[in-house]
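Just below is one structure, and these are the notes that go with it.
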Amino acid sequence: QVQLVESGGGLVQAGGSLRLSCAASGRTFGSYAMGWFRQAPGKEREFVAAISSSGGITYYAEFVRGRFTISRHNAKNTVYLQMSSLKPEDTAVYYCAASASTWDGSSCDSSTWYNYWGQGTQVTVST
């Protein structure tokens with residue numbers, strides 16, 4: 001069982017930056033691949049980024065590539081999402097998720113690949 005708690009959301013102006021954190025409970029954090037998803041009002045949850053258990057492999061949705069960076073610190077049981085050049089359309093609730101499966105680049109963008117989810121943190125980007 002893994003419990004995930006996101007933090008770092010807030011209100012930022014367009015063009016600004018935020019860093020989201022996701023703290024995980026348990027001693028086996030380093031065995032989980034991690035992902036970030038987001039859900040805007042009235043829209044379906046969508047994939048943002050994923051990182052393998054070791055941190056050696058990352059994968060991004062096209063619309064955030066070059067602006068967002070996912071990373072992890074296994075000794076701190078934490079995964080991060082550094083967001084830069086934020087746009088109003090990035091406004092959403094951001095969720096982190098953990099997958100117990102072996103890394104699969106063709107599945108890491110699917111919400112069904114993940115076993116555990118956090119409660120989300122709100123990111124609002126103003127014009």
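The basis for the numbers below is simple: all heavy atoms, side chains too, and nothing from hydrogens, waters or symmetry mates.
- Annotation: the span from Gln122 atom CD to Thr91 atom OG1 amounts to 7.0 Å, rounded to 0.5 Å.
- A donor-acceptor contact under 3.5 angstrom links the side chains of Tyr94 and Arg38, judged on distance only.
- Between the side chain of Tyr114 and the backbone N or O of Cys108 there is at least one donor-acceptor pair closer than 3.5 Å.
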Original post:
After noting the C-alpha distance and the side-chain angles of Val93 and Thr121, does the key distance pass the side-chain contact (heavy atoms from CB on, under 4.5 Å) rule?
Top reply: CA-CA 5 Å; Val93 177; Thr121 186; 6.0 Å; no

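- In this structure, Tyr95 and Glu6 have side chains that are in contact, with non-hydrogen atoms separated by less than 4.5 Å.
- The shortest side-chain heavy-atom distance between Ile57 and Ile51 does not fall under the 4.5 Å cut-off.
- Looking at Ser126 and Val12, their side chains never come closer than 4.5 Å, going by heavy atoms from C-beta outward.
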Original post:
Could you walk me through whether Val48 and Leu81 pass the side-chain contact (heavy atoms from CB on, under 4.5 Å) check?
Top reply: CA-CA 9 Å; Val48 176; Leu81 185 68; 4.1 Å; yes

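- No more than 12 heavy atoms of other residues, nucleotides or ligands sit less than 6.0 Å from atom CD of Gln3.
- Within the 3.5 Å criterion, the main-chain N or O of Ser52 finds a donor-acceptor partner in the side chain of Arg72.
- Within the model, atoms OH of Tyr59 and CH2 of Trp103 stand 9.0 Å from one another, a figure rounded to the nearest 0.5 Å.
- Here the closest heavy-atom approach between residue Trp113 and residue Ser107 is recorded as CB-O, 3.4 Å.
- With rounding to the nearest 0.5 Å, the separation of OG in Ser111 from CZ in Arg45 is 7.5 Å.
- The shortest heavy-atom contact between Thr127 and Pro88 is CG2-CG, 3.5 Å.
- No side-chain heavy atom of Val123 sits less than 4.5 Å from a side-chain heavy atom of Asp90.
- In this structure, the separation between CG on Asn77 and CE on Met34 is 9.5 Å, given to the nearest 0.5 Å.
- Side-chain contact between Ser7 and Ser21: present, with at least one pair of heavy atoms (C-beta onward) separated by less than 4.5 Å.
- Listed by first and then second residue, the ring-ring contact (aromatic ring centres under 6.0 Å, His included) pairs that reach into residues 61-89 come to none, sequence neighbours excluded.
- Listed for the Asn74 side chain is a donor-acceptor partner under 3.5 Å among the backbone atoms of Ser53.
- Within the model, atoms OG of Ser85 and NZ of Lys87 stand 8.0 Å from one another, a figure rounded to the nearest 0.5 Å.
- Counting heavy atoms from C-beta on, the side chains of Tyr32 and Val2 come closer than 4.5 Å.
- With a 6.0 Å radius and a threshold of 12 heavy atoms from other residues, nucleotides or ligands, Gln13 has its CD atom at or below the threshold.
- Note that OG of Ser110 is 10.0 Å distant from CG of Asp104, once rounded to the nearest 0.5 Å.
- In this structure, the side chains of Phe47 and Trp36 stay at 4.5 Å or more apart for every pair of heavy atoms.
- Both Val79 and Met83 belong to a common hydrophobic cluster when Ile, Leu, Val, Met, Phe, Trp and Tyr are linked at side-chain heavy-atom distances under 4.5 angstrom.
- The backbone N or O of Ile70 lies less than 3.5 Å from a partner atom in the side chain of Tyr60, making a donor-acceptor pair.
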